[in-house]
Protein chains: 2
Amino acid sequence: MVERGLPTSVGETTENSESGGSLARMLQILELFTDAGPVWSTADLIEALQTSRSTGYRYIKTLHDAGLLTAVRNGYYTLGPRIIEMDLQIRQTDPMLMASHGVLEDLVEKIGHSALLLTAFRDSVLCIGESRAPRSPENRFSRGQRRPMFQGAGSKVILAHLPHHRLKALYPRHRVEIESAQLGSTWSEFRKKLGDIKKDGHLLTLGEFNPGVYGVAAPILTDQKTAVGSVGVAWDENERRDLDVKQAVGAVKYAATTISERLQDMQRQS
Amino acid sequence: MVERGLPTSVGETTENSESGGSLARMLQILELFTDAGPVWSTADLIEALQTSRSTGYRYIKTLHDAGLLTAVRNGYYTLGPRIIEMDLQIRQTDPMLMASHGVLEDLVEKIGHSALLLTAFRDSVLCIGESRAPRSPENRFSRGQRRPMFQGAGSKVILAHLPHHRLKALYPRHRVEIESAQLGSTWSEFRKKLGDIKKDGHLLTLGEFNPGVYGVAAPILTDQKTAVGSVGVAWDENERRDLDVKQAVGAVKYAATTISERLQDMQRQS
DNA sequence: ATTGACAATCTCATAATATCGGATTTTCTT
DNA sequence: AAGAAAATCCGATATTATGAGATTGTCAAT
């Protein structure tokens, strides 16, 4: 009866499945806070949830008590301080981030361009770390931002190393995007293209986001050779240094391998 | 084995009240991820929750679907990517942070020491922003970290400008800390000391965290003159420049006032 | 301080739905 | 490809989330 959640705006993990109960319903509140609407009144929140006042207030109170929401003023809420705290917690302890310490910096020094650390998240790719070259422009792709999984070296190289079942589940959801990204118009064609990338162990792209910008990326792999993330660098073609493309590829692959090994060593110890 | 949920470690909003239902119980999972234990197995999580396997898995799944948890490998979880994403969202839209853009940088330039932006959170103070002076040492108090509310200029100055009822609720919970922080051993003494700080509109401290370190802070206030945060700077006494303490106080107060005004202007528009 | 206006919480009967053990399916290792 | 382990599904039960209205708490102005 609670006719909540417009199917169009849901975008959950699994296609459009009914949200999994009140717990998920409550967490949906967090999704409402966007760049376009970063501050919500209780009234609007309750309206958006299509629930009773009591329940709405209870959800808000629960999230508030957990620190995930905070009142900016009387009856107006924003994402809460606990999120900032947890982000620090992640920065200090995330295994992949830990494993990449120093490696990204070395990579930047070696090739003179900014480097990114990416991870797969919900059929897309999230930037979780970056190391900027000395006087490079501020990156438009930085920690916390997402990109589609079918464009850019850093994304595709993860895609190619995803476990079988993940790909199988993902393909039907994104047939059109995959085709328009030149990744094949059939399942077997798709698998073949990914197989090629996988064989190379890296990917070089040109102008997939910004015209004239090169991208190189290599996957960060688990013991079973499936991707947990990737390392990537990008540079403008007329900003080219004496650096050879091959050299960049080598450096990126080396960085990715180093991180992968460290990561696997860490897991063996726990 | 993992003896969770000890009343001592809870530290919820209201004294020690029974957790408010399954929603809060699920969110408690997030509190388990600490520096000491950043990665948890499903088995240990369920053990810690003291619930059935089914329910434990359902909680984990719900949090996973929301992106608040992520699997680092088979059956092991960490805080999830959605948190990183939401942190960026906050950095891009948080009113206080927006209002402080440029102001903190100007302050640093004026006095040559790193500046911090703080906010009140759960009977403590959280750092939400910082601007580092050119070649200053990496700050030990940076974004995402918490400090007690009764030590340090940045904390006390917020405390002094907290709304009446907040103080009244807070005092009995922290009598001992307040007394040992020289903030008075009775309620009226406490109120008087805070009143003095309030009158000055700023606070100067010496060596409350690190010996020989000066701290200056001023409050960020709402229309009704209650604190939402503070601006602070700190420097070592033998690192003193030709800068006068008075000059620093003035600069900090100016920064805090500017941020307060911007904040109030923003609210008038929405 | 007192009041009025609004926001947030509380009360409590009702039934919706979270819960649990066990079976089933999915996922991972050999 | 088969076996082992993990995660999900299933359905009966009662715990507990829900919602309308009353109450309390909070805020701004007199």
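This one's a predicted model, so the numbers in the text were calculated from it and none came from an experiment. Just the heavy atoms: all of them, side chains too, but no hydrogens, waters or symmetry mates, feed the values below. A, B, ... follow the sequence lines: proteins, then strands. Residue 1 opens every chain.
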Short heteroatom pairs, N/O only, protein and nucleotides 12-16 of chain D, under 3.5 Å:
none

Query raised in the report: Does a side-chain N-to-carboxylate-O contact under 4.0 Å join A:Glu85 and A:Arg82?
Result: yes
Report summary line: Residues at least two apart in sequence or cross-chain that pass salt bridge (charged side-chain N to carboxylate O under 4.0 Å, His left out) with A:Asp44, listed by chain then number, are none
Query - Any A:Thr42 side-chain N or O less than 4.0 Å from OP1/OP2 of C:dA7 - result: no
Query raised in the report: Who passes salt bridge (charged side-chain N to carboxylate O under 4.0 Å, His left out) against A:Asp94, sequence neighbours left out?
Result: none
**Report entry** Helical bend (five base pairs per end, nearest 10°) for the helix from C:dA1-D:dT30 to C:dT30-D:dA1
**Finding:** 80°
Query raised in the report: Taking only N and O in the side chain of B:Arg58, is any of them less than 4.0 Å away from OP1 or OP2 of C:dT19?
Result: yes
Query raised in the report: With respect to the phosphate group of C:dA8, does any side-chain polar atom (N or O) of A:Tyr57 fall under 4.0 Å of OP1 or OP2?
Result: yes
Report summary line: Whether each nucleotide of nucleotides 21-30 of chain D has a protein heavy atom under 4.0 Å at its base (B), only at its sugar-phosphate (S) or at neither (-) is summarised, 5' to 3', as B-----SS--
Query raised in the report: Between B:Tyr59 and C:dT19, does any side-chain N or O lie under 4.0 Å from OP1 or OP2?
Result: yes
Query raised in the report: Is a side-chain donor-acceptor pair under 3.5 Å present for B:Ser52 with B:Thr55?
Result: yes
Query raised in the report: By ring-ring contact (aromatic ring centres under 6.0 Å, His included), which residues pair with B:Tyr171, not counting sequence neighbours?
Result: B:Trp187, B:Phe190
